[in-house]
Structures are given as structure tokens and as C-alpha cells.
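Not measured: the values here are computed from a predicted model. Residue numbers count from 1 along this sequence.
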Amino acid sequence: MPDPKQRDPLLFTSKQTTVSGDASPETKLVARCRAGDVDAFETLYKQHGARIYSLASRMAGSPEEGEDLLQEIFLQAYRKLDSFKGDASIGTWLYRLALNHCLDFVRSRRAKMGKLTDTLDTDGSIEPTALRETPVARIDLQRGIEQLPQGCREAFVLHDVEGYDHKEVAGMLGIAEGTSKSQVFKARMKLRAYLRRT
């Protein structure tokens, strides 16, 4: 059996190896996944599945569709694992893959429906209201997020829900940083208006 210490450093950048040349635990895990080790892929799923499921559910607008997307994302990750270059962590790579898959899903669904959901009027005069942390309030908030126009929803979910800064959101969505700020602001105003009506 070949020594993995001799193979792994060739697969990834030096950033992912220790000073002594030994592969990091993440590098070893990815190498095992590439070699078809089902237990290693299950470990990868356990480490990153919850965060990706959370993103998928919010972007899709329902837990059921989020579950379906989660399975599709990890199937895609399994197929594309050879394209992972090690420039970022495997978690970052998976998250970008998931985000792209979710965005494709949202665009495809909207194209099929043949309509946009830009139906809420922006009302800048509404004062911010504290969101109640109750199950009903969370359901109302989720419904409000579903009503947002695509650009607003994507920026809002990534910034306010997932915690990325505007520069990161801009990079992920391929928009200007100012556009990210504008979209998040519009989303907040629309959500406040929606929540006051419910």
C-alpha cells in the first residue's frame, strides 16, 4: 500500500500541508474521498451538511426542497471532487458549489413559473421593528423572504442570515459591493412592510 505522505502533497498547494510535508487532516480526508472511501465522504457530509442544508432551505423557501437540494449538492460534490484544487478549504469549496446550485435552482424555478415576485412596494418610512423569536414569527419571516425579489433575497440571505460581509456577497453573486448593500437594504424594508401586515 503506497504511503499517503508521499502522494498527498502533490495533489494540493503547500498551503494545505504542514511544514514537515505531512498532509493536513482535511487533505487526507479529501484524498480518501477521491479514492472512493464511502466513510470519508460520510465524514465530509457530517461536517458540512447542516450548514449547507440551512442555506439550501432558505434559498429554496422550504425544508423539503432544501433536503432535495442537499442531496443534489452532495451528489454533485462527489462527482466534481477532482476539480477541488485546495486553494480554499473544502468547506468553502462545498459552500460555493452549494450556493451556485441553489442559485441555479431558484432561477430555473422562476423561469418555469414565468413570473417574478417583485410585488412588494418599498416603503422607507416604516420604522424598524424587533423581530419576535417565536415559531410563528420565524414562519412569517420565512414567508417574507420567499416574497422577496431574487436579487434582494440572495443578498439578504447571504448577508443577514449567513453572515457574509458585503464584499463577500458581491464576490459570490458577481455584483458590485454597493449593489449588495442596496439589495440588502431593499430586502429589509420589504420584509418590515410584510411583517407589519401579517
Side-chain angles (χ1 to χ4, degrees), residues 48-63 65-66 68-70 72-74 76-77 80 83-133 137-198:
H48 303 284
R51 182 173 183 223
I52 290 174
Y53 170 71
S54 177
L55 171 71
S57 295
R58 287 185 176 113
M59 294 294 276
S62 81
E65 287 180 313
D68 290 342
L69 282 174
L70 177 68
E72 291 170 15
I73 288 162
F74 271 92
Q76 188 178 39
K80 292 188 170 188
S83 70
F84 174 66
K85 304 297 182 200
D87 298 332
S89 72
I90 188 67
T92 300
W93 181 82
L94 280 170
Y95 193 87
R96 285 180 188 151
L97 186 84
L99 178 62
N100 289 334
H101 193 82
C102 289
L103 294 176
D104 288 345
F105 169 81
V106 169
R107 290 178 187 127
S108 172
R109 179 173 63 184
R110 290 208 177 152
K112 287 175 189 170
M113 290 172 66
K115 65 178 182 175
L116 295 174
T117 58
D118 193 6
T119 57
L120 298 173
D121 295 325
T122 300
D123 186 354
S125 65
I126 296 175
E127 291 297 317
T129 56
L131 298 177
R132 302 175 308 263
E133 280 300 320
R138 284 193 295 271
I139 290 169
D140 287 344
L141 179 61
Q142 186 60 45
R143 286 183 182 152
I145 291 172
E146 291 171 22
Q147 299 284 330
L148 292 173
Q150 179 179 332
C152 290
R153 176 169 39 168
E154 293 165 2
F156 177 82
V157 168
L158 291 172
H159 183 271
D160 282 16
V161 178
E162 295 297 318
Y164 287 97
D165 64 35
H166 285 293
K167 185 175 181 181
E168 291 171 316
V169 173
M172 288 178 184
L173 298 179
I175 58 176
E177 191 172 340
T179 303
S180 172
K181 291 176 182 177
S182 171
Q183 295 282 42
V184 170
F185 177 78
K186 288 177 187 174
R188 288 173 182 165
M189 293 299 104
K190 289 177 187 293
L191 283 172
R192 286 175 185 142
Y194 175 81
L195 292 172
R196 285 183 67 109
R197 290 195 301 266
T198 58

Do you know the tightest heavy-atom contact between [X] and [Y]?
X     : Y      : result
Trp93 : Ser83  : CZ2-OG, 3.7 Å
Ile52 : Ala98  : CG2-CB, 3.7 Å
Ala56 : Cys102 : CA-SG, 3.7 Å
Pro63 : Tyr53  : CB-OH, 3.4 Å
Ala60 : Gly66  : CB-N, 4.3 Å

### Query
Parallel under 30°, tilted from 30 to 60°, perpendicular over 60°: which one fits the rings of His159 and His166?
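Parallel.
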Atom [atom1] in [X], atom [atom2] in [Y]: separation rounded to 0.5 Å?
X      : Y      : atom1 : atom2 : result
Thr92  : His48  : OG1   : NE2   : 8.5 Å
Leu70  : His101 : CG    : NE2   : 10.0 Å
Gln76  : Leu97  : CD    : CG    : 4.5 Å
Leu99  : Asp104 : CG    : CG    : 9.5 Å
Ile145 : Leu191 : CD1   : CG    : 6.0 Å
Glu154 : Gln183 : CD    : CD    : 8.5 Å

So, do [X] and [Y] sit near enough that their side-chain heavy atoms are less than 4.5 Å apart?
X      : Y      : answer
Phe105 : Glu72  : no
Val169 : Val184 : no
Arg51  : Leu55  : no
Lys186 : Met189 : no

#### Entry: Arg153 (side chain) donor-acceptor with Gln147 (main chain) under 3.5 angstrom
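Side chain of Arg153 to backbone of Gln147, a donor-acceptor pair under 3.5 Å: no, none is there.
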### Query
Is the side chain of Glu168 donor-acceptor paired with the backbone N or O of Asp165 at a distance under 3.5 Å, no angle test?
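Flag set: sc Glu168 to bb Asp165 pair under 3.5 Å.
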### Query
Do we see a donor-acceptor contact under 3.5 Å between the side chains of Arg58 and Ser54?
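Ser54 and Arg58 do have a side-chain donor-acceptor pair below 3.5 Å.
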